[in-house]
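Some notes on the structure that comes next.
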Amino acid sequence: MTTEQTKTPVNTSTDQDQRVLTYSQAINEALDQEMARDESVFVMGEDVAIYGGAYGVTRGLLDKYGEERIRDTGISEAAIVGAGIGAAITGMRPVVEIMYVDFMSLVMDQLCNQAAKLRYMFGGKTKVPLTIRTEGGAGRTLGAHHSQSLESWFMHIPGIKVVMPATPYDAKGLLLSSIRDDNTVVYIEHKMLYNSKGLVPEDDYTIPIGKADVKRPGKDVTVLSYSRQLLFCQEAAEELAGEGIDVEIVDLRTLLPLDVETIVESIRKTSRAVIVEEDTITGGAGAEIGMRIMEEAFDYLDAPVKRVAGADVPMPKSPVLEALAIPSKESIIEGIREVLP
Amino acid sequence: MTKSSKKDQPAGTKSPESELTCSKEQAQHYLRQMMHIRKFEDGMMDLMTKNIAQGGSHLYAGEEAVAVGAMAALQPDDYIASTHRGHGHCIAKGGKLNELMAEILGKATGCCRGKGGSLHLADVSTGNLGANGVVAGGLGIATGAGLSIKMRGDDKVVICFFGDGAMNEGIVHECMNMAAKWTLPVIYLVENNLYGMSVAIARSSRLEDHAKRAIAYDMPSSTVDGQDVLAVRDATATCVEHARSGKGPSLLIANTYRYYGHSRSDPRAYRTREEEAYWKDRDPIKLFSAHCTDIGLLSEKEIQALDAGTTEDIEQAIRFAIDSPLPDPSELCTDVYA
């Protein structure tokens, strides 16, 4: 029995709802449950089987489902996604893993030209139920090829969906939705969230793609964020609460399609908006979100929309420089102050 | 088919046609399909010249025996992945002429409702996984379809068409390795028409014999005269049998020639008129017609009847396409998402 949930459970009444999992375990559980439920689901990618995934997300699945359904591949990103597309249009529901979002550069033809467009080009006569799990973001001082946030690339491709969960609860529910979706979903995890913990029910539940979630209600300013930056926003909001500033945090969760309705609704209440994103600022996700606010919520604004985003640089190795290249609690607080009266 | 690649057959080598046989019905079917393709393409050129067909189109004329011969070795529910030069594949796989022509003209009655066009021509209901605007764009799709067949325990196979130019795309290597490692039922069929747009194989590839590349994947390969429909059919049938019996992928090179340029704006400065004349002398329709009359399988009159019938079919398809309505503006944003 699947239930559809839009809100993270706050008050829990049963033991089961009290269960705490890491973000990584929550994703693993979603894969496990969906593979048990649906025989057409299989996992393939580099190091997903014996190794259990570079970040250990698929650990244990090989023992349970075997080599046929948990497939180690060669280091062939384009073929991994390409074969995923071919399998998807002929009746399977592949979940492929691209180890780092940085390596999505190697699959862009498959993603942009094939997965995203086949349905449209064929006049609606096919569907591509493919999930591409990948992982991005800075924080481990891995340098410019293992630390990027490239979500805005994918937001620019009509025909796919882009999902970026911040909490274990959302990670599980959104992955189940992604696998069951009849479209290609780019599901981007954050390497710094894998060990983060949260309540995750054991039940089969889905979270609708395209629905943002107000993670913290407030009345003074709307902070729009997603993925790991959401955690920084929560820390910033805590600190500002001590000064009597009431921050509303909207977790976008899905970047394509974007839940403009929830964004507008929040800004209507607060009249101020700050977008917090880890990707580089120029042409980033916030550029689109900000412009949608201008088009849909301009009349409600009492201050210009502010972006707190990554610097326009390749991600540097040095921990000092890396931390400076992305938003922090401090820069978020500063950004929020800029839009306050 | 040999485990290691055969010695390359010089382009245009005459194959032992007389040794290859087919029934009368098959002969008529192959000739009809080849004539349909030729006339479809000649008609397209005419429509482009008159600017009735807008946009580009890569014509298959000259290569008919490859599509028709290959498809003759398939069952109806087998898959193919096609290329930017894909009209012939669509027709040979059983696509409806009217809908194909309408699609190329961007009409609502097209097989893709006017949203795909020549470069994305696909009648999905015939097992055609689509033409592709990206050279080697179909390799991943075909390989994945092979994976799907294997995982589901189906009895199908996939033919993945691509050109000699695609051979130098990276994904070809990735996919052939994957298919070979996983013994997927895929036939990688290279339509070697000697040029990647304008660049001859010798100018782009160290190894001119594409069949040798199969050695890298421990995959059987062979080379066939792509102007000889029966030779293509039988060579493909060997590959299909290999795939269907669970032995995995193979590489088949069909040497052929496109009569028109790469696209309509191509003055064909990179090849000689003598070379073109040589290949037109090896016209697949002419060769097979002669073979059929030589061995008494079809009479001149029967061939003329096929010729007249196919001319009429294509004229009808062109009329249907021209008379068909354009898509309704409300179609713009439908079919983006399922």
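Just so it is clear: chains get the letters A, B, ... in the order the sequence lines come, proteins before strands, and each one is counted from 1.
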(message) Once you measure the plane-to-plane angle for Phe103(A) and His146(A), does it fall in the parallel (<30°), tilted (30-60°) or perpendicular (>60°) bin?
(response)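 Geometry flag for His146(A) against Phe103(A): perpendicular rings.
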(request) Could you tell me how the ring of His84(B) sits relative to the ring of His262(B): parallel (under 30°), tilted (30 to 60°) or perpendicular (over 60°)? (result)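 Judged by the thresholds at 30° and 60°, the geometry between His84(B) and His262(B) is tilted.
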When heavy-atom pairs shorter than 4.5 Å are enumerated against chain A, which of [options] gives the highest number?
options	value
Val124(B), Ile149(B), Leu121(B)	Val124(B)
Cys175(B), Gly137(B), Gly146(B)	Gly137(B)
Arg113(B), Lys150(B), His173(B)	Arg113(B)
Gly144(B), Gly116(B), Cys111(B)	Gly144(B)

Option that, when pairs with chain B are counted at under 4.5 Å, heavy atom only, ranks first among [options]:
options	value
Gly91(A), Gly74(A), Ser40(A)	Gly91(A)
Asn113(A), Asp182(A), Asp109(A)	Asp109(A)
Gly124(A), Gly82(A), Ala115(A), Gly86(A)	Gly86(A)
Lys125(A), Met92(A), Arg71(A), Arg69(A)	Arg71(A)
Glu68(A), Lys127(A), Lys117(A)	Glu68(A)

Measure [X] against the heavy atoms of chain A and call it side chain, backbone, both or neither at under 4.5 Å.
X	answer
Thr334(B)	backbone
Met178(B)	side chain
Val336(B)	both
Asp123(B)	neither
Leu129(B)	both

Is any side-chain N of the basic residue among [X] and [Y] closer than 4.0 Å to the acidic one's carboxylate O?
X	Y	answer
Arg244(B)	Asp78(B)	yes
Arg292(A)	Glu288(A)	yes
Arg180(A)	Glu34(A)	yes

(message) Quick one, Cys239(B) and Lys247(B) - any side-chain contact, counting heavy atoms below 4.5 Å?
(response)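 Contact flag for Cys239(B)/Lys247(B) side chains = no.
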Quick check on [X] against chain B: is it the side chain, the backbone, both or neither that has a heavy atom closer than 4.5 Å?
X	value
Gln114(A)	side chain
Leu106(A)	neither
Glu39(A)	neither

(message) For Ser118(B) and His87(B), which I'm curious about, is there any donor-acceptor pair between the side chains at under 3.5 Å?
(response)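 Yes, His87(B) and Ser118(B) have a side-chain donor paired with an acceptor closer than 3.5 Å.
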(message) Between Ser76(A) and Asn177(B), is there a side-chain donor-acceptor contact under 3.5 Å, judged purely by atom types and distance?
(response)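 Side chains of Asn177(B) and Ser76(A): no pair found under 3.5 Å.
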(request) Measure the spacing between NE2 of His145(A) and OH of Tyr100(A) and express it to the nearest 0.5 Å. (result)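 Here the rounded value is 13.0 Å.
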(message) salt bridge (Lys or Arg N to Asp or Glu O under 4.0 Å), that's the test. Do Asp251(A) and Arg253(A) meet it? Break it down for me.
(response) CA-CA 5 Å; Asp251(A) 179 1; Arg253(A) 301 196 293 195; 5.2 Å; no
(message) Checking the side chain of Gln110(A) only, and the main-chain atoms of Val81(A) only, is there a donor and an acceptor separated by less than 3.5 Å?
(response)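 It does not hold such a pair.
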